[in-house]
Amino acid sequence: MQIKETRLPEVLILTPARHGDARGFFSESWNAQTLAAAGIHHHFVQDNHSLSKAPNTLRGLHFQTPPHAQTKLVRCGRGALYDVAVDIRHGSPNFGKWVGVELSFENGHQLLIPAGFMHGFITRAPMTEIIYKCTDTYAPECDAAVRWDDPALNIDWGLEGKTPILSDKDAKAPLLSEHAAHFTWESAA
Ligand SMILES: Cc1cn([C@H]2C[C@H](O)[C@@H](COP(=O)(O)OP(=O)(O)O[C@H]3O[C@H](C)C(=O)[C@H](O)[C@H]3O)O2)c(=O)[nH]c1=O
């Protein structure tokens with residue numbers, strides 16, 4: 001397992017080993033003991049899996065507010081995507097700062113996104129599948145979204161002038177500044 005920091009130190013790129021042979025490869029996509037040996041302790045309770053059929057499909061920016069904030073371990077099961085995490089922890093020196101990482105079936109990279117960060121991604125290929133583990137279960141009453149193109153965040157999604165495919169919910173999401181509550185977050189669960 002390779003572990004690499006990003007410009008937001010709490011957001012890590014994890015790349016499990018792939019054991020190749022003539023048939024293809026085998027990889028432990030997640031092993032609690034391996035992560036614990038690296039000092040990474042999370043209790044995941046829900047796995048998510050979504051398919052986005054077209055490139056430039058953008059899902060985000062999403063998060064669950066306390067008490068159901070989620071740490072996520074994200075990977076790309078098929079295709080390719082650009083995965084983005086945004087720090088919205090009240091009082092964080094990196095509040096409002098973002099980082100993006102290319103995740104693909106080919107590169108096998110995973111992104112560990114702690115509670116207190118928003119998550120979003122844009123697909124770079126057709127039929128892209130994202131698979132991710134969460135440390136809390138779905139809580140619709142805590143499900144929140146912020147506009148993908150919030151000028152205060154200035155995220156570069158690599159759209160090159162194209163318009164992303166969005167859900168109605170994401171198209172109508174508020175700006176971060178319109179979220180009345182400033183969320184205080186326990187340390188990442
Ligand atoms: C998140 C979630 C959704 N749903 C249901 C609710 C809707 O009927 C349907 C689609 O939900 P939504 O449009 O919120 O799905 P995405 O746009 O992929 O949202 C996700 O995308 C971003 C990138 C995330 O990190 C979050 O996990 C999540 O917000 O699945 C569930 O049943 N359980 C769940 O945990």
Side-chain angles (χ1 to χ4, degrees), residues 6 8 10-14 29-30 40 42-89 96-105 107 109-150 153 155-159 162-176 178-179 181 183 185-186 188-189:
T6 67
L8 297 181
E10 299 85 353
V11 179
L12 300 175
I13 302 170
L14 309 182
S29 49
W30 170 73
I40 299 171
H42 294 294
H43 177 62
F44 294 111
V45 296
Q46 179 174 313
D47 265 11
N48 294 335
H49 180 185
S50 71
L51 165 71
S52 299
K53 291 184 282 185
N56 294 316
T57 299
L58 195 157
R59 298 179 188 243
L61 296 158
H62 301 160
F63 60 102
Q64 289 197 166
T65 57
H68 295 290
Q70 299 166 311
T71 290
K72 295 169 185 168
L73 179 57
V74 183
R75 66 190 178 95
C76 179
R78 176 171 47 157
L81 58 93
Y82 185 65
D83 211 52
V84 171
V86 188
D87 189 349
I88 55 167
R89 294 169 302 170
K97 291 206 178 122
W98 64 276
V99 64
V101 178
E102 296 284 346
L103 307 182
S104 68
F105 170 76
N107 71 23
H109 293 333
Q110 304 180 359
L111 203 59
L112 184 63
I113 304 171
F117 287 69
M118 298 193 287
H119 177 225
F121 68 90
I122 186 164
T123 59
R124 296 278 197 244
M127 301 305 282
T128 287
E129 296 184 55
I130 188 171
I131 299 160
Y132 48 108
K133 309 183 91 61
C134 303
T135 57
D136 205 326
T137 49
Y138 182 46
E141 73 283 4
C142 294
D143 196 23
V146 162
R147 275 274 296 281
W148 63 280
D149 58 348
D150 187 333
L153 304 175
I155 296 170
D156 179 1
W157 294 96
L159 276 162
K162 297 189 190 76
T163 306
I165 296 168
L166 298 166
S167 66
D168 287 345
K169 176 183 86 170
D170 288 350
K172 294 180 203 142
L175 301 177
L176 183 57
E178 292 168 312
H179 267 282
F183 313 115
W185 309 82
E186 316 80 62

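Remember, it's 1-based here, ligands and their atoms both numbered in the order they're listed. Being a predicted model, the structure only gives us computed values, none of them experimental. For reference, positions follow the sequence shown, starting with 1.
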Which pairs of nitrogen or oxygen atoms, taken one from ligand 1 and one from the protein, are under 3.5 angstrom apart?
{"from": "ligand 1", "atom 1": "14 (O)", "to": "Lys169", "atom 2": "NZ", "distance (Å)": "2.9"}
{"from": "ligand 1", "atom 1": "18 (O)", "to": "Arg59", "atom 2": "NH1", "distance (Å)": "2.9"}
{"from": "ligand 1", "atom 1": "19 (O)", "to": "His62", "atom 2": "ND1", "distance (Å)": "3.2"}
{"from": "ligand 1", "atom 1": "21 (O)", "to": "His62", "atom 2": "ND1", "distance (Å)": "3.2"}
{"from": "ligand 1", "atom 1": "25 (O)", "to": "Lys72", "atom 2": "NZ", "distance (Å)": "2.9"}
{"from": "ligand 1", "atom 1": "25 (O)", "to": "His119", "atom 2": "ND1", "distance (Å)": "2.7"}
{"from": "ligand 1", "atom 1": "27 (O)", "to": "Tyr132", "atom 2": "OH", "distance (Å)": "2.8"}
{"from": "ligand 1", "atom 1": "29 (O)", "to": "His62", "atom 2": "ND1", "distance (Å)": "2.6"}
{"from": "ligand 1", "atom 1": "35 (O)", "to": "Gln46", "atom 2": "NE2", "distance (Å)": "3.0"}

Self-check item: Contacts of Trp98 that satisfy ring pair (Phe, Tyr, Trp, His ring centres under 6.0 Å) - sequence neighbours left out
Solution: none
Counting only pairs under 3.5 Å, give me each side-chain donor-acceptor contact of residues 75-82, with atom names and distances, residues two or more places apart or in other chains.
{"from": "Arg78", "atom 1": "NE", "to": "Met127", "atom 2": "O", "distance (Å)": "3.4"}
{"from": "Arg78", "atom 1": "NE", "to": "Glu129", "atom 2": "OE2", "distance (Å)": "2.7"}
{"from": "Arg78", "atom 1": "NH2", "to": "Glu129", "atom 2": "OE2", "distance (Å)": "2.9"}

Quiz item: With sequence neighbours left out, what residues match Asp47 under side chain to side chain contact (heavy atoms under 4.5 Å, CB included)?
Solution: Lys133
Quiz prompt | Nearest heavy-atom neighbours spanning Leu12 and Ile40 | solution = CD1-CD1, 3.9 Å
Practice problem: Taking atom types as modelled, find out whether Asp143 and His68 have a side-chain donor-acceptor pair closer than 3.5 angstrom. | Solution: no
Quiz prompt | Candidate list Arg147, Arg59, His62, test side chain to side chain donor-acceptor pair (under 3.5 Å), partner Asp170, passing option | solution = His62
